[in-house]
There are 4 protein chains.
Amino acid sequence: MARTASVANTEHRRAAIVAAMLPVMAHHGYERATIQAIAREAGLTPGLIHYHFKSKQEILVELVKAIMEFARARFERAATNTTRPVERLRAYVDARLGLGAGAAPDMVAAWVMVGAEAVRQPEVRALYEQAIAAELAVLTQLLSQCLAERKRAIDAAPALAAGMVALMEGAFQLSSAAAGVMPAGYAADAAMSFASLSVAAAPRANVFKPSARPAMAVESTKASSL
Amino acid sequence: MARTASVANTEHRRAAIVAAMLPVMAHHGYERATIQAIAREAGLTPGLIHYHFKSKQEILVELVKAIMEFARARFERAATNTTRPVERLRAYVDARLGLGAGAAPDMVAAWVMVGAEAVRQPEVRALYEQAIAAELAVLTQLLSQCLAERKRAIDAAPALAAGMVALMEGAFQLSSAAAGVMPAGYAADAAMSFASLSVAAAPRANVFKPSARPAMAVESTKASSL
Amino acid sequence: MARTASVANTEHRRAAIVAAMLPVMAHHGYERATIQAIAREAGLTPGLIHYHFKSKQEILVELVKAIMEFARARFERAATNTTRPVERLRAYVDARLGLGAGAAPDMVAAWVMVGAEAVRQPEVRALYEQAIAAELAVLTQLLSQCLAERKRAIDAAPALAAGMVALMEGAFQLSSAAAGVMPAGYAADAAMSFASLSVAAAPRANVFKPSARPAMAVESTKASSL
Amino acid sequence: MARTASVANTEHRRAAIVAAMLPVMAHHGYERATIQAIAREAGLTPGLIHYHFKSKQEILVELVKAIMEFARARFERAATNTTRPVERLRAYVDARLGLGAGAAPDMVAAWVMVGAEAVRQPEVRALYEQAIAAELAVLTQLLSQCLAERKRAIDAAPALAAGMVALMEGAFQLSSAAAGVMPAGYAADAAMSFASLSVAAAPRANVFKPSARPAMAVESTKASSL
DNA sequence: AATGAATGAGTGTTCATTCAT
DNA sequence: GATGAATGAACACTCATTCAT
């Protein structure tokens, strides 16, 4: 009933503007995500955008942070149900690929645009690298736990994590620009299969006789929407 | 006499303009790849660009085709040395990831920009999907051959190919925008490892007693530069 | 009770706003002296500025008046110690040049900006002319007293005053925009020297035999349009 | 009859744009000398202005150079008729004040605006200081020659030159913003009078018995900060 | 074929001013 | 009196495209 305090109002406005930039960028890219278009999407006047943000790039930076935070939060929520490494890994993959692309295609497309801007804008690149580094760190930890649980050497975890991150980033790109030619729901399956097989194939930790028996069932991976 | 005929000259000019667009797009993206910058890169005058191309987008379309053709040609060249499915698969992966990123970073970055444009420009998207479909077809065939050679069911080939394409597209993105945080040379290794393990784990074709023995050595994968 | 009456408070606010405009104009000029910047300098909110002033130009008008008043007050203070014409003249020059630029560079720079605005804004020009006319009047009177004291004809006083005003206005400009290339402390010396020599060289009042004829004939100077 | 070559055409356009900026700046100042207004004055379209100049400031910089060059050329032309120091000095003063203000009031007003911009724009300030330094150098030389001709010590030349430059800059300001209250033609007279009297009053070079001692002691002037 | 000057629509951004609270 | 969010008209600048030569 009572109007929120001005500070909160400003924060709300900023959040609304960032939120408005997401679909505009998803459909038109950064350069064509004009201040006018963002304002229209947010139901505001163009001048007001620059009252709340110093520059268009600042909105982009906030958008990148928001998407990062969104992904992080979704994983945290999904991972609270279990402590088993494999299940946590699956929760991570599903959070990123299973629901992500299907439930939030605009966010996925916007992220693809962010990735393209990261190629040429140093400030965006720094944020993007930070996001990728965070992904790598989380995945490396999860994979290390999976490997340790099965008494495997964890040396391969970083490279494996890198491959999974690449697969996921590529899946985002393809779901945004070539969805028509990709098989349904391949991505989460492929990611989990890659992880499972790699863990199973990893050499035993400090042991001389590796058996390399795949015990994590690949077949259990199913029903991802990307 | 020394001058080539005008048609051929026109074709040369067109090719030169397309070639000039590549590095400009790699560094500035499509929107900021101005006609002036392309002309400067090509050593031509701005007006001449529009004499040879109806619009800027037409140059982009030609560039996409040129990159597709370049990748196809490189694979063909590398694959002539062998008929063994596994080696041909490796040749393919190396052609795309092994030398690609290191030898032609501008082309990789330009391809990333193309991918972003494909999200919003229908004509570019059609081409991009065509390119991805071609990748999928080639990889599916190569993987099917690998599976058949080992008497495995080939049903999983399309999904596996999709995963590999995603991994490669993601690797392009990451090598262009987050090279600093990725492990060295992870991509080709990951792609080959993924393929090898998946082939090995595939069920036997039309056979009741699967043994699931991994016979394609994962360790043979080495030293890729992406 | 402790609060001053609203009218007085309003006056204080107006004075504070005018005072805040001075350094902002000194550093950014009139056009770039934004209401936001003035408000920040004054520790007020932007909206309040327009509560106390109808427009930005009204603040400028008040600022011009304030600077004029400041200069007048400083001279009055310095001139109370003496009644001797020469000393009063020196007090005037020192008030304007001796301490002025050093003690209040912002005010000097702001005055330069006022001078530029006077070129194009009629209302500011009217005030500026009023200020210059006041300077001329004061200087003419002081110089007339100096001349009279030495029994010289006072006819030249207005022209001499005009030259001194020009020298001082120019000194303000140069101290604000070219301090690096000007000799130290030249201005007050030059002004006093100009006055002293001119007084000494002036013809005797109502006398037929002029003495003190300068070797380089001043009379030969004629027909200048400025 | 024949169209001039393109390079010359471009140079002509640049010169025309610079020339168009002069009256616009003279009447509206730099900030309000909009690209639109300059284009209108030049009879060109706004877009073309930025085809020939990278930025508005670049036009300003060229304008400053043009005014400097104009003043230099006018003096050179006027000074060719004589080698006598005093006459050359007069030629200089007349070139700057005698005809200048009357014949080219827009240029004088534009120069005043340049002076104001020099306060806040480092690049303009650098040019302005260069212009003032050139003035000082020329005047110092001319005054030194006058002093030498009359066997006077030339030590005072720099300070005297500085005073004259200040007087002239101030005269420009006043002729642009307070012409109505200034006596007619005072400036050139004042400048020449100042120079003549100062030369006459200067001590003899290397001589023990100085003559021409002014009754109002110039030496008493000290410690001014400007 | 080729030039490069020219156009005009559109961009991000600034800012004096207004106004609901 | 006071706030600060909001407006809208300007601004400098960019750029694909056109066209006279």
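Order of the sequence lines sets the chain letters (A, B, ...), proteins ahead of strands, with each chain counted from 1.
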Discussion item. If you compare all heavy atoms of D/Pro23 against all heavy atoms of D/Glu41, which two are closest, and at what distance to 0.1 Å?
Written reply: CG-OE2, 3.7 Å
Response to the item:
Applying salt bridge (charged side-chain N to carboxylate O under 4.0 Å, His left out) to B/Arg120 and not counting sequence neighbours gives B/Glu31, B/Glu117
Discussion item. Rounding to an integer number of Å, can you tell me how far C/Glu11 CD sits from F/dG1 C1'?
Written reply: 15 Å
Discussion item. Without decimals, in angstroms, what is the distance between A/Arg40 CZ and E/dG12 P?
Written reply: 11 Å
Worksheet entry | Which residues share a side chain to side chain donor-acceptor pair (under 3.5 Å) with A/Glu123, sequence neighbours left out | A/Gln57
Discussion item. On a heavy-atom basis, which atom in A/Ile67 and which in A/Ala110 lie closest, and how many Å separate them?
Written reply: CD1-CB, 4.3 Å
Worksheet item: How far does the C1' atom of F/dT21 sit from the matching atom of E/dA1, given to the nearest Å?
Response: 13 Å
Worksheet item: Which whole-number value in Å describes the distance from B/His12 NE2 to E/dA2 C1'?
Response: 18 Å
Item to complete: Nearest whole angstrom, please: distance from the P of F/dA16 to the CD of B/Gln121.
Response: 13 Å
Fill in: Strand-adjacent residues in residues 43-66 of chain A, judged by heavy atoms under 4.0 Å from DNA chain E
A/His50, A/Lys54, A/Ser55, A/Lys56
Worksheet item: Among F/dG1, E/dA5, E/dC15, which nucleotide sits nearest the side chain of C/Arg32?
Response: E/dC15
Discussion item. On a heavy-atom basis, which atom in D/Ala42 and which in D/Ala16 lie closest, and how many Å separate them?
Written reply: CB-O, 4.3 Å
Practice prompt. Could you tell me the separation between the CZ atom of C/Arg14 and the NE2 atom of C/His52, rounded to the nearest 0.5 Å?
Written response: 9.0 Å
Fill in: Non-hydrogen atoms of B/Ile17 and B/Leu44 that approach each other most closely
CG1-CD1, 3.7 Å
Worksheet entry | Presence of A/Arg13 side-chain N/O under 4.0 Å of F/dA6 phosphate oxygens OP1/OP2 | yes
Discussion item. Measuring to OP1 and OP2 of F/dG4, would you say a side-chain N or O of A/Thr10 lies under 4.0 angstrom away?
Written reply: no
Practice prompt. For the pair D/Lys65 (side chain) and D/Leu127 (backbone), establish whether a donor and an acceptor sit closer than 3.5 Å, ignoring hydrogens and angles.
Written response: no
Worksheet item: Between atom CZ in A/Arg14 and atom C1' in F/dA5, what is the gap in whole Å?
Response: 14 Å
Worksheet entry | Residues from residues 19-30 of chain D lying under 4.0 Å of DNA chain E - heavy atoms | none
Fill in: Ranges pairing with ranges for DNA chain E, where each run has three or more Watson-Crick or G-U pairs under 3.5 Å
E:2-21 with F:2-21
Response to the item:
Contacts of C/Gln36 and B/Thr34 projected onto DNA chain F by closest heavy atom; the upstream (5') one is C/Gln36
Worksheet item: Of all residues at least two apart in sequence or in a different chain, which pass the ring pair (Phe, Tyr, Trp, His ring centres under 6.0 Å) check with C/Tyr30?
Response: none
Worksheet item: Between D/Gln173 and C/Tyr128, does any side-chain donor sit less than 3.5 Å from a side-chain acceptor?
Response: yes
Discussion item. Quick check for you: to the nearest 0.5 Å, what is the distance between D/Thr45 atom OG1 and D/Gln36 atom CD?
Written reply: 10.0 Å
Response to the item:
Judged by nearest nucleotide, the residue sitting upstream toward the 5' end of DNA chain E, C/Ala33 or A/Ile35, is A/Ile35
